[in-house]
Amino acid sequence: MDGDGSDTSYRSTHRQLPLSQRRIIEDAVHLDSGASQLIQMADLVAWSANAAIDRHDAQSFAWDWYRTYLAERDLARESQSI
């Protein structure tokens with residue numbers, strides 16, 4: 001989960017769901033990406049998708065990363081604006 005760990009609403013919101021409707025095994029808690037390689041990978045995937053959509057000249061080196069390296073694993077085959 002993103003953030004700095006100060007927002008506790010993720011845990012309480014998850015705990016309010018009936019057990020039969022929970023799709024996440026654990027409560028959402030803040031994990032610093034420096035302590036987790038999985039979080040670092042998730043950050044890179046999210047950043048690559050964002051760089052493909054919200055293009056800035058300073059990040060032009062990454063504009064095609066999503067299409068080149070990740071799109072084949074995405075059912076939509078492209079990053080999507082939300």
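Keep in mind that the numbers below use all heavy atoms, side chains included, and drop hydrogens, waters and symmetry copies.
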### Under 3.5 Å: donor-acceptor pair, side chain of Arg67, backbone of Glu72
no

### Task
State yes or no: do Leu44 and Ile39 share one hydrophobic cluster built from I, L, V, M, F, W and Y residues joined by side-chain heavy-atom distances below 4.5 Å, directly or via other members?
no

### Query
Would Asp74 and Tyr66 count as having a side-chain donor-acceptor pair, cut-off 3.5 Å?
yes

### Message
Strictly by side-chain hydrogen bond (donor to acceptor under 3.5 Å, both in side chains), give each pair with a member in residues 51-63 just once, sequence neighbours left out.
### Response
Asp54-His56

### Query
How far does CD of Gln40 sit from CG of Leu38, to the nearest 0.5 angstrom?
9.5 Å

### Summary
Sequence neighbours excluded, the answer for side-chain hydrogen bond (donor to acceptor under 3.5 Å, both in side chains) partners of Ser9 is Asp7

### Summary
In this structure, CD1 of Ile53 is separated from OG of Ser48 (nearest 0.5 Å) by 11.5 Å

### Query
Linking I/L/V/M/F/W/Y whenever any side-chain heavy atoms sit under 4.5 Å apart, do Trp47 and Val45 land together?
yes

### Shortest non-hydrogen separation from His14 to Arg22 and the atoms involved
O-NE, 3.3 Å

